[in-house]
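Contents: one structure, followed by commentary.
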Amino acid sequence: MQLEVGDMIVWGDPDDRDIGWIVHVEQRSFRLGSRSLLYIAWASWGGEPDTIWAKYILNKEHVTIIKGGQHDR
């Protein structure tokens, strides 16, 4: 799944619940290919957007991604 600007991230860890929106996506090139670095503005955090690798987000069981008003997983 490709994560894009405007996608909502629902972080459902029992100890750390939050909702965020992807506000910027940056492609970083490495020897073995490129990776997407996400900039997420969290609802409970009023500071600068948080940077998280897309692969990290996609590998978390407690994360739900909402695209276009529908749950992708």
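- Among the candidates Leu58, Ile52, Asn59, the single residue satisfying the side chain to side chain contact (heavy atoms under 4.5 Å, CB included) test with Lys55 is Asn59.
- Side-chain atoms of Ser36 and Gln27 include a donor-acceptor pair closer than 3.5 Å.
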request  = Apply side-chain contact (heavy atoms from CB on, under 4.5 Å) to the pair Val10 and Val63, showing each step before the final yes or no.
outcome  = CA-CA 6 Å; Val10 179; Val63 170; over 6 Å; no

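- Under 3.5 Å, the side chains of Trp21 and Asp7 contain no donor-acceptor pair of N or O atoms.
- With sequence neighbours excluded, the residues satisfying side chain to side chain donor-acceptor pair (under 3.5 Å) with Ser44 are Asp18.
- Within the 4.5 Å cutoff, the side chain of Ile19 has no heavy atoms near those of the Ile9 side chain.
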ask   = Should Asp50 and Trp45 be marked as a side-chain contact (heavy atoms from CB on, under 4.5 Å) after you check the CA-CA gap, both sets of side-chain angles, and the distance that decides it?
value = CA-CA 9 Å; Asp50 194 14; Trp45 181 6; 3.5 Å; yes

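- Asp13 meets the side chain to side chain donor-acceptor pair (under 3.5 Å) test with no other residue; sequence neighbours excluded.
- The distance from atom OH of Tyr56 to atom CZ of Arg35, rounded to the nearest 0.5 Å, is 15.0 Å.
- Between the CD atom in Glu26 and the CG atom in Leu37 there is a gap of 5.5 Å [rounded to 0.5 Å].
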request  = Please lay out, stage by stage, how Thr51 and Ile40 fare under the test side-chain contact (heavy atoms from CB on, under 4.5 Å).
outcome  = CA-CA 6 Å; Thr51 54; Ile40 302 172; over 6 Å; no

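- By the 4.5 Å heavy-atom criterion applied to side chains, Leu38 and Ile57 are counted as neighbours.
- The shortest side-chain heavy-atom distance between Trp53 and Arg28 falls under the 4.5 Å cut-off.
- Atom CE of residue Met8 and atom CD1 of residue Ile22 lie 11.0 Å apart, to the nearest 0.5 angstrom.
- Using a 30° and 60° split on the angle between ring planes, Trp11 and Trp42 fall in the perpendicular class, above 60°.
- Remark: Gln2 CD to Lys67 NZ distance equals 7.0 Å, nearest 0.5 Å.
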